[in-house]
Amino acid sequence: MFDTLSDRLASTFKNLRGKGRLSEADIDATAREIRIALLEADVALPVVRAFIKQVKERATGSEVSQALNPAQQVIKIVNEELVGILGGETRRLRLAKTPPTVIMLAGLQGAGKTTLAGKLGRWLKTQGHAPLLVACDLQRPNAVNQLQVVSERAEVAFYGPQPGNGVGDPVQVAKDSIEYAGTKQHDVVIVDTAGRLGIDQELMQQAADIRDAVSPDEVLFVVDAMIGQDAVNTAEAFRDGVGFDGVVLSKLDGDARGGAALSVAHVTGKQIMFASNGEKLDDFDAFHPDRMASRILGMGDMLSLIEKAEQTFSQDEAEKMAAKLAKGPKEFTLDDFLAQMEQVRKMGSISKLLGMLPGMGQMKDQINNLDEREVDRTAAIIKSMTPAERQEPTIINGSRRARIAKGSGVDVSAVKGLVERFFDARKMMSKMAQGGGMPGMPGMPGMPGMGGGARKKKQVKQAKGKRKSGNPMKRKADEEAAAARREAAQSGNPLGLPQGGQDPQNFELPEEFKKFMG
């Protein structure tokens, strides 16, 4: 969603790099470019004005003028101000001292409240809670059925005593759900309320009645991140009419310009707490302003990537794999390779994972064109091999490759390429596990390049070859000088200077050396 904004900011900062000192004109030009970038991203005008004012004030101050690298300091200021307009620190859910904790979802129809209720329920379940989804949207056709299906997919409990489709009292359903949750030991109740196509008094009154009936610990306003400036107007109307404690952004994976996300927290004074960034129930997480700002500026989001890895990978399995690789490359088999690949796939979309890495903004087109099915094809090739072939891929000859290719529905060249890539990956992973560094990377221990073993051997050979000169006179002079140094070292004079009874003023160079020097 923030691709356009990221590209504009990146090109703006590129003009600053390489300047040892920033003039007032440089800062004005940068501020103007940032203002245009934010307005093009559909950020609300009051937010843009406040943001640019803060950036200019800080950029013209001492923290930039006295900095060793003024350009990097300006980027740091923009990053910090972005974090500020996105809400500052991450806000956590307030849990009730006495369960159940009641969370009420509000918003316009089509904002994605029902699906988001399932995502929030699944997320809370992974946090160790026992959530209950309550169907209080009794107006929209099949809203109750939809929430029931979503709850089954999310594997969380559902409460919907009324059929909906215009039948039933949503306020009474909300009241009864609290008692039901107490009897069934649910510590969190998520109330899905009705939405409308626009803000009207009926919607506001119904939402206010449900709020008064259940006294929610959190009222979360669900905003469709793709509707632009109208999201801010809607949020302000809900804040004044019903009131809410936090914002949840849905459809953050869309291709809209994302201005709503950058505006709503600043305009309403309520922080963004969660963000939904995909269609799957797992595409949902707490909103971290600092990480989002880092992504917008193309600096990646390593913390979120690490958290995803920690949720997916088992610590015991990781330790076993590391121990296996440390023993030697042959210990790592295609079965292990397949297991690791499947673990990575569980983390989600490969392109999204790559997008979290710093500097990947420059490879946006390649990442977007990445074929996710390639992982499935690789898995199919490995699964078409016999256990012996997976254990020892060196036995895979021409006839075996043909059989594997036929079994997995690929070309023979694909099988050959996979095996070759596996051998390369195995060597690299084993080298890293043994502390030898990553092959092919300069400046790392044990690698060709700076400090690499191969280059050291080459340097030794070159040094030996240069030890003797091709000029006979120079060679003889070098040999005599070396002999003199050895004698001096043995006599305790490492510099080879005359000593004992020999007067330094009477010291003479060898005749051959005099002739050589002319």
Distance check, rounded to the nearest 0.5 Å: [X] atom [atom1] versus [Y] atom [atom2]?
{"X": "Leu334", "Y": "Asp336", "atom1": "CG", "atom2": "CG", "value": "9.0 Å"}
{"X": "Thr115", "Y": "Gln146", "atom1": "OG1", "atom2": "CD", "value": "5.0 Å"}
{"X": "Leu418", "Y": "Thr378", "atom1": "CG", "atom2": "OG1", "value": "6.0 Å"}
{"X": "Leu147", "Y": "Thr114", "atom1": "CG", "atom2": "OG1", "value": "6.0 Å"}

Partners passing side chain to side chain contact (heavy atoms under 4.5 Å, CB included) against [X] (at least two apart in sequence or in another chain):
{"X": "Gln54", "value": "Glu57, Glu81"}
{"X": "Arg49", "value": "Leu45"}
{"X": "Ala174", "value": "Cys136, Ile210, Val214"}
{"X": "Asp245", "value": "Arg91, Arg94, Glu218, Val219"}

* To do: Using side chain to side chain contact (heavy atoms under 4.5 Å, CB included) as the criterion, point out the one residue from Arg211, Met104, Gln139 that pairs with Thr193.
  =>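 Result for side chain to side chain contact (heavy atoms under 4.5 Å, CB included) with Thr193: Met104.
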* Carboxylate-amine/guanidinium contact Arg122 Asp282, below 4.0 Å ->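 Yes.
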* To do: Assign the ring pair Phe284 / Trp123 to parallel, tilted or perpendicular, where the plane angle (0 to 90°) is split at 30° and 60°.
  =>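 Ring orientation of Phe284 relative to Trp123: perpendicular.
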* To do: Verify the ring-centre separation between Phe422 and Phe337: is it less than 6.0 angstrom?
  =>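 Yes, close enough.
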* Could you list the residues that satisfy salt bridge (Lys or Arg N to Asp or Glu O under 4.0 Å) with Glu33, not counting sequence neighbours? =>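 Partners of Glu33 under the salt bridge (Lys or Arg N to Asp or Glu O under 4.0 Å) test: Arg8.
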* How would you list, by chain and number, every residue that makes a salt bridge (Lys or Arg N to Asp or Glu O under 4.0 Å) with Asp209, sequence neighbours excluded? ->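 Expected list: none.
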* Apply ring-ring contact (aromatic ring centres under 6.0 Å, His included) to Phe238 and Phe244, showing your working. => CA-CA 7 Å; Phe238 264 87; Phe244 57 85; 7.5 Å; no
